[in-house]
Structure formats: C-alpha cells, structure tokens
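In what follows, a structure is listed as structure tokens, so that the remarks can point back to it.
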Amino acid sequence: MLESLRSVLQLRPIQLNPAERRLRKAANIDDLRTIARRRLPRGAFDYIDGGAEDELSLRRNILAFRRAEFRPRVLRDVADVDPSTTLLGRRLPLPLVLAPTGFTRVASPGGELDAARAAARMKLPFTLSTMATRSIEEVAAVCDGPQWFQVYVWRDRGLVKELLSRAASAGYEAIVVTVDTAVLGRRQRDVRRGFTLPPQVGLGTLLDGLLHPGWTWDLVRSEPITFANVAGSAVRRGSRAVTLAEYINAQFDQALSWRDLDWFRANWDGPIVLKGIQTVADAVLAADAAVEAIALSNHGGRQLDGAPAILELVRPVADAVADRVEIICDGGIRRGSDILKAVALGARACMTGRAFLYGLGAAGQRGAEHALALLDAELRRTMALTGQRCMSELTPDLIAWRDTLTELC
Ligand SMILES: Cc1cc2nc3c(=O)[nH]c(=O)nc-3n(C[C@H](O)[C@H](O)[C@H](O)COP(=O)(O)O)c2cc1C
C-alpha cells in the first residue's frame with residue numbers, strides 16, 4: 001500500500017518566493033486578473049479593469065474573439081512553428097506590442113519600468129504613454145528592447161514638441177498618436193470610487209489600503225506617483241489631486257484634425273502609428289495620409305461605449321488598406337489564440353494592455369513576463385493545433401464566425 005501511495009503522491013518543491021508562488025497557480029491571463037484583483041485595492045484594480053459607461057465595448061472586444069472559431073487543418077508538419085513577423089521594418093519574435101497605459105504605477109511600484117523590462121526580455125516593443133508614471137529617459141535607461149512613444153496631443157504644442165524630441169534623443173523608434181480621446185470616456189467605476197491622480201487617501205481608500213497591505217507598503221516606500229513626462233502640469237507639481245476626466249478635458253486638444261498629421265511629420269522623423277481608428281473610412285484616410293501603421297482600437301472599451309468590437313473590424317479594414325498601411329489589432333487579447341485570429345483576418349500584429357497590467361498587478365515585472373510567456377506559448381500551441389507554420393501563411397479562411405454568442409454571454 002505504501003508503494004502505491006508513493007507512486008501517486010508527488011509533492012511539489014516548496015516555493016519560497018511569494019511572487020513565484022502566486023504565478024505557479026496562474027495558468028492563463030484570467031488567473032492573473034484574479035490574483036491582481038485580490039492584491040490591488042479596489043480603486044486601483046477598477047481603474048485598470050474597467051471601461052466606459054455600460055462597458056459594452058469592453059465586453060464585446062473580448063466576445064468577438066470567442067465568436068471567431070478556427071477551421072483547423074491537419075497533417076501539415078508543424079514540428080517547427082514560427083510566430084515571428086515584421087512590423088515597422090523590425091523583426092519581432094511574435095506579432096505583439098505592449099500598448100501604452102497611463103498611470104501604470106498603480107499596478108506595481110516599478111510601473112512602466114517593470115513592463116518595459118518584461119517586454120525587452122521577449123524582444124517585443126514597449127509603448128510608453130504620455131500619461132506614464134515613469135519618464136521617457138527612465139524607461140530608456142532600463143529597456144534594451146524596441147521602444148515606442150505614445151502621444152496625446154496637448155493644446156500646448158510646445159510641450160508635445162519637447163516630448164517628441166526627448167523621445168527621439170532617447171532612441172524611441174516610433175510614435176503612436178492616440179486619436180480616440182477628444183474628451184475622456186466616462187469610466188463609471190472611477191467615478192463611483194472617486195479615483196484621482198495622484199491617489200488621495202480618504203476614509204474609504206484608507207480602509208481599502210489596509211485590506212491590501214502589500215500594495216500599500218510598496219506605495220508608501222516608493223517616491224510619489226506623478227505624470228513623469230509632463231513637466232509643469234498641475235498633477236506633476238502635485239498641487240492638488242484631480243480626476244482623470246478633469247485633467248484630460250483641460251489639457252487635450254479637442255480641435256485635433258487630419259490636418260495636424262503634417263505637424264507630426266514635420267516634428268518626428270520615424271514611423272507614425274495612428275491609434276484609435278474604428279472605421280474603414282478612417283482607415284482609408286489614414287492610408288491616404290501615408291502613416292506607417294494604424295492601430296484599430298477603441299481604447300480597450302474605455303472611451304466611446306458602443307464602439308465596434310475591434311476584431312470584427314480587422315478583415316474589412318485589411319481588405320481596404322492592408323497593401324498601404326500595417327494594421328495592428330488592439331483590444332480584447334486575452335489568449336495567444338486571439339493573436340492568431342487577428343493575424344489570420346489581416347492584422348500584422350496585436351497590441352495588448354490589460355493582459356500585461358494584470359500580470360504587473362499579480363507579481364510586478366515577473367507577473368508581466370509571465371503574461372507575455374503565456375500568450376507566446378498559447379500562440380505557438382494554437383499554431384500547431386490549427387496546422388499553421390508561420391504568420392505569412394495565414395489566411396482569413398482559418399476563421400469562421402459563429403452567428404450567436406448566446407451560449408457565451
Ligand atoms: C489602465 C489603462 C490605461 C490606459 N492608458 C492609455 C494611455 O495612456 N494612452 C493610450 O493611448 N491608451 C491607453 N489605454 C488603452 C490601451 O493602450 C489599449 O488600447 C487597451 O488597453 C487595449 O485593450 P485591452 O486592455 O483589452 O488589451 C489604457 C488602457 C488601460 C487598461
């Protein structure tokens with residue numbers, strides 16, 4: 001009996017590192033989300049996890065990937081699958097870019113530094129947000145992978161020009177101009193929780209902080225969270241806490257139009273990615289404007305609620321402009337198989353935001369690395385199971401759309 005007990009009993013070695021212990025149980029991005037939800041105060045988690053208004057676009061971004069079903073092929077020698085691709089003239093090991101996310105230090109003390117290091121380990125581009133909590137130069141100093149800089153267009157063009165020139169000097173390869181943020185979408189979870197920048201400690205947040213001592217201890221020990229790139233702004237000076245909506249609506253240029261792209265050409269020598277395209281008509285205008293790439297994006301469902309689910313846009317946009325501009329699918333990536341679906345439908349690559357943020361929230365840099373490794377492994381496995389050897393062989397007939405999502409909703 002002892003013999004048979006020994007044959008079935010297998011004790012895992014004890015893991016002393018608490019972050020590694022947490023990650024051992026994270027089999028997918030959703031598990032990382034669950035761990036992040038447990039570790040972060042509700043206000044911080046909801047800032048990351050939430051979307052605008054009824055969160056319809058947030059949910060539909062994800063559901064669109066479930067509606068897309070594979071038509072797998074067999075007996076195709078998948079001994080060596082190769083998910084690498086070329087994006088903006090650079091070879092990438094897989095078609096994935098880390099999306100710009102503002103205020104990332106609410107997820108982990110290192111914030112953008114943790115995410116940039118995780119991206120660099122995988123040789124994937126990391127996009128630093130204008131609203132980042134680590135500066136252009138700080139990120140460049142720790143990141144030896146490709147870096148992109150995301151631009152929000154401030155009313156003060158002098159400030160934007162200064163940001164572009166700092167990004168160029170620090171070796172950033174491309175800029176991502178976000179065009180879906182004329183005003184800030186109403187993120188109701190932030191409204192309800194009174195989320196401000198920098199975070200203000202009221203009675204509710206104090207209690208929340210006490211219930212999440214690990215996060216609070218990290219916050220207290222590290223330097224104050226500010227918008228590290230935007231010199232001279234009210235928030236940078238720490239003069240008073242503001243809601244994100246107040247801040248953005250005061251600073252961003254709502255008069256931005258297609259004509260302004262000439263200004264970017266005159267002030268930036270490298271490739272330009274337009275992020276926030278949501279119709280074929282605008283994709284055509286972007287191609288006419290000769291930008292190098294477009295990111296089909298509804299800001300992860302954080303801006304216009306009722307915006308189209310991003311995956312559903314990929315094929316019509318690719319049919320219209322794939323020969324003139326590279327297409328990035330941004331929004332709803334939670335599995336490596338999602339990347340395969342987007343590329344099969346005509347995207348050159350995908351961007352991901354929450355997937356790596358959940359990783360950061362679960363276990364800092366190691367958590368973000370874990371998130372990227374999960375997506376990589378899932379992509380490779382799905383390529384093998386669908387009989388696809390490389391990205392350039394993918395065609396839209398790999399995908400069929402299910403009519404209804406009733407059973408998934
Ligand atoms: C917490 C958070 C902050 C974000 N901040 C920015 C930002 O500063 N600039 C920007 O262009 N997009 C921002 N986004 C949108 C992301 O770049 C990306 O479009 C979105 O996360 C993609 O959807 P996904 O989270 O489902 O991957 C943010 C998204 C999240 C979740």
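Everything quoted here is computed from the prediction, not taken from an experiment. Both ligands and their constituent atoms are indexed starting at 1 by order of listing.
The aromatic rings of His299 and Tyr152 lie parallel to each other, their planes meeting at an angle below 30°, with 60° marking the opposite boundary.
Protein residues with a heavy atom under 4.0 Å from ligand 1 are Tyr47, Ile48, Ala99, Pro100, Thr101, Gly102, Ser129, Gln150, Tyr152, Thr178, Lys275, Ser297, His299, Gly300, Arg302, Asp330, Gly331, Gly332, Arg334, Thr352, Gly353, Arg354, Leu357.
Defined by atom type and a distance below 3.5 Å, a donor-acceptor pair is present between the side-chain atoms of Gln150 and Ser129. Side-chain contact annotation: Tyr358 with Asp31, donor-acceptor N/O pair under 3.5 Å absent.
When the side chain to side chain donor-acceptor pair (under 3.5 Å) test is applied to Arg265, the partners found at least two apart in sequence or on another chain are Glu292. Gln15 pairs by the side chain to side chain donor-acceptor pair (under 3.5 Å) definition with nothing, not counting sequence neighbours. Among residues two or more places apart in sequence or in another chain, the side chain to side chain donor-acceptor pair (under 3.5 Å) test is passed with Thr104 by Thr101, Glu112.
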